[in-house]
Amino acid sequence: MNYKDIANLIFPDVTLTVEDIFKRYPKRNLKEGQCVTRFAPSPTGLVHIGNFFQAFISYNLAKNSDGVLFLRIEDTDRKREKTEAKKVLYDVLNKFGLEFDEYQTLDGKDIGDYGPYVQSQRNDIYRVFAKKLVEEGRAFPCFCKKTDGKEDVLKLRESKFIDNDEREYDPCRDLSYEEIKKHIDNGESFAIRFKTKNKGDERIKFKDVIKGELEAKANAKDFIILKSDGTPPYAFAHAVDDTLMGTTIVVRGEEYIASTPAHIELFEALGFKLIDYCHNPLIYKLNEQGNRRKISKRYDPESNMMFFVENGYPNDAVYEYLLNMINSHFEIWRKNNPNLNWREFKFKPNEITTVAPIFDLVKLNDISKNIIATYSGEELFEKWRHWAEEYDKPLAQILNKERDKFVKVCQMDREGKPKPRKDIYDYKMMKELFHYFFESPKPIFEEEDKAKELLRSYLENFKMPSSNEEWFNDVKVIAGNLGYATDNKLYKENPDAFKGNIAKACEFIRLALTGEKDSPTLFNIIEILGEEETKKRLESCTK
RNA sequence: GGCCUCAUGGUCAAGUGGUUAAGACAUCGCCCUUUCACGGCGGAAUCAGGGGUUCGAGUCCCCUUGAGGCUACCA
């Protein structure tokens with residue numbers, strides 16, 4: 001069999017050699033321990049948290065080793081590609097501030113020496129390597145089509161039990177030059193299949209950086225390396241690109257473990273050095289029945305990274321939560337280093353969890369609360385405003401117009417306090433949380449007469465307080481005169497002797513000013529509302 | 001069906017043959033307190049089941065069970 005002639009027959013246009021290509025992609029000059037990692041998403045129109053999780057692991061591996069992180073767009077599957085999808089991807093990456101050392105800009109400019117960083121622009125490269133495999137008898141053209149009365153063959157191929165016997169019936173595996181020429185002269189399209197050397201009973205061992213040594217059946221399938229449209233499926237593109245681009249460690253989901261033996265045989269056939277794999281677990285959700293299921297874009301808004309952006313979670317909160325999912329050494333580190341940025345935290349790939357974690361929004365919220373609690377009032381205000389500019393325009397207008405007031409709102413129980421409030425986990429919730437600073441409340445009193453009496457007296461004696469202590473003393477005097485207990489111990493001993501305790505009196509004032517039974521310290525609220533507005537609200541409750 | 005991965009409280013998990021089985025979130029109780037939030041103290045709660053190996057097993061081996069993945073001209 002003259003494989004060289006066959007190769008020239010099916011790739012007449014390919015004149016470059018593998019050596020020519022390698023000249024274009026010189027080996028990277030790396031120091032010991034330096035990692036080259038990549039994020040290789042296909043543009044689907046959204047960035048799934050599972051994918052971002054991988055990107056983030058890659059990012060850490062690269063940064064922690066002073067290595068390289070590049071972005072490669074895997075858009076070989078035309079059916080899946082959507083217009084705008086790439087834009088969405090870049091937008092999300094940008095919003096999260098995930099920076100790449102090498103990538104292609106949206107307008108098609110390659111940054112870095114190993115481009116193009118978009119697979120659909122690399123077809124000529126894949127063809128050179130496919131041709132080489134054909135030349136060496138390690139790949140063959142396959143003319144099988146579903147419309148061709150060959151359903152039985154396709155079924156065999158697709159069946160679960162392909163072994164050596166069945167392969168003998170493969171109509172394309174050992175076609176002669178003449179037979180191939182006939183097919184081509186007929187104008188038939190074809191795919192290129194890899195020709196495995198295995199028979200189906202071989203075993204193979206390989207290392208995974210997270211899981212350690214793995215063992216599986218060796219590949220025994222003649223899988224496609226070039227589709228009939230000339231583009232490569234994942235496996236082939238992965239082998240060629242990651243080799244040429246000098247990737248040292250591939251981070252991918254654990255769904256790829258099963259196909260790793262196929263990738264290894266491909267690498268060997270191509271004469272490529274094997275690359276380290278890091279198969280990370282998928283992210284799950286708990287359903288109503290308490291079973292775990294894959295987090296899905298259909299049912300779980302938080303599976304889409306835009307969820308966190310649109311709700312106004314700080315990026316750092318999302319990152320820290322991810323880090324927490326990757327391994328909980330982080331949490332201990334965080335506790336010991338409360339003031340360091342998470343970027344200072346170094347983890348090794350073998351410390352990444354082997355267990356598929358369940359996404360826990362409550363935990364994320366807790367992390368987020370702690371992070372937001374570290375912001376100054378001014379900082380919080382700016383972040384809130386910045387978020388509103390994009391996701392709540394009317395709110396942004398108000399914040400811009402009444403800047404001073406809302407900076408003060410953001411400063412409440414925050415600045416100068418050793419134990420700041422921790423009740424905000426995203427910017428979206430703030431408008432509702434502080435609704436009484438945007439509009440007059442509509443309080444509902446359970447004991448209306450009592451409330452009116454107290455509020456009337458408070459309003460009559462009202463003077464702007466200059467400190468919390470002063471304010472509280474004023475309330476004590478006024479409430480005390482009306483028969484409220486100013487000493488809680490006395491009240492507890494004999495509650496019937498009083499109209500209520502100070503807490504009760506405060507509740508009436510709080511309701512009048514905020515419409516809520518719970519709020520930050522009233523003194524702060526009065527200070528922000530100002531004398532006029534405070535009196536107005538009190539008065540409207542006395543009628 | 002075949003092949004593969006995984007298994008510690010409700011959740012995230014530490015743990016690499018000898019521990020009273022860390023810690024965090026959630027939950028419950030108490031304290032602080034003008035409410036909330038914060039903070040402090042405390043409680044309840046875990047090694048999926050069964051066999052081995054060993055003086056000794058959460059940890060090593062086998063089986064079972066459960067969960068998940070792959071088995072495409074998707075990635």
Between [X] and [Y], does at least one N-O distance fall below 4.0 Å, as a salt bridge requires?
X: A:Arg193; Y: A:Asp222; result: no
X: A:Glu215; Y: A:Arg203; result: yes
X: A:Glu302; Y: A:Lys285; result: yes

> So what does A:Glu74 hit on the nucleic acid, given a heavy-atom distance under 4.0 Å: a base, only sugar-phosphate, or nothing?
Replying inline: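 Counting heavy atoms under 4.0 Å across all strands, the contact made by A:Glu74 is with sugar-phosphate only.
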Side chain of [X] only, please: which of [options] is the nearest?
X: A:Thr354; options: B:rC25, B:rC74, B:rC6; value: B:rC6
X: A:Ile257; options: B:rC4, B:rC12, B:rC36; value: B:rC4
X: A:Arg203; options: B:rC73, B:rC6, B:rC3; value: B:rC3
X: A:Arg510; options: B:rA24, B:rU35, B:rA14; value: B:rU35
X: A:Arg421; options: B:rA75, B:rA37, B:rU34; value: B:rA37
X: A:Pro233; options: B:rC38, B:rC74, B:rC70; value: B:rC74

Pairing partner of B:rU35, by Watson-Crick or G-U wobble and under 3.5 Å for both distances, is none
B:rG42 -> Watson-Crick or G-U wobble partner, both distances under 3.5 Å, gives B:rC28
With distance as the sole criterion, is a donor-acceptor pair present between the side chains of A:His238 and A:Glu74 under 3.5 Å?
->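 Short answer, no.
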Regarding B:rA67, can its base be found pairing with the side chain of A:Tyr284 as donor and acceptor, where the two atoms are less than 3.5 Å apart? no
Worksheet item: Below 3.5 Å, does any donor atom in the side chain of A:Ser519 face an acceptor in the base of B:rC36, or the other way round?
Response: no
First encountered from the 5' end of RNA chain B, between A:Leu522 and A:Leu282
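That would be A:Leu522.
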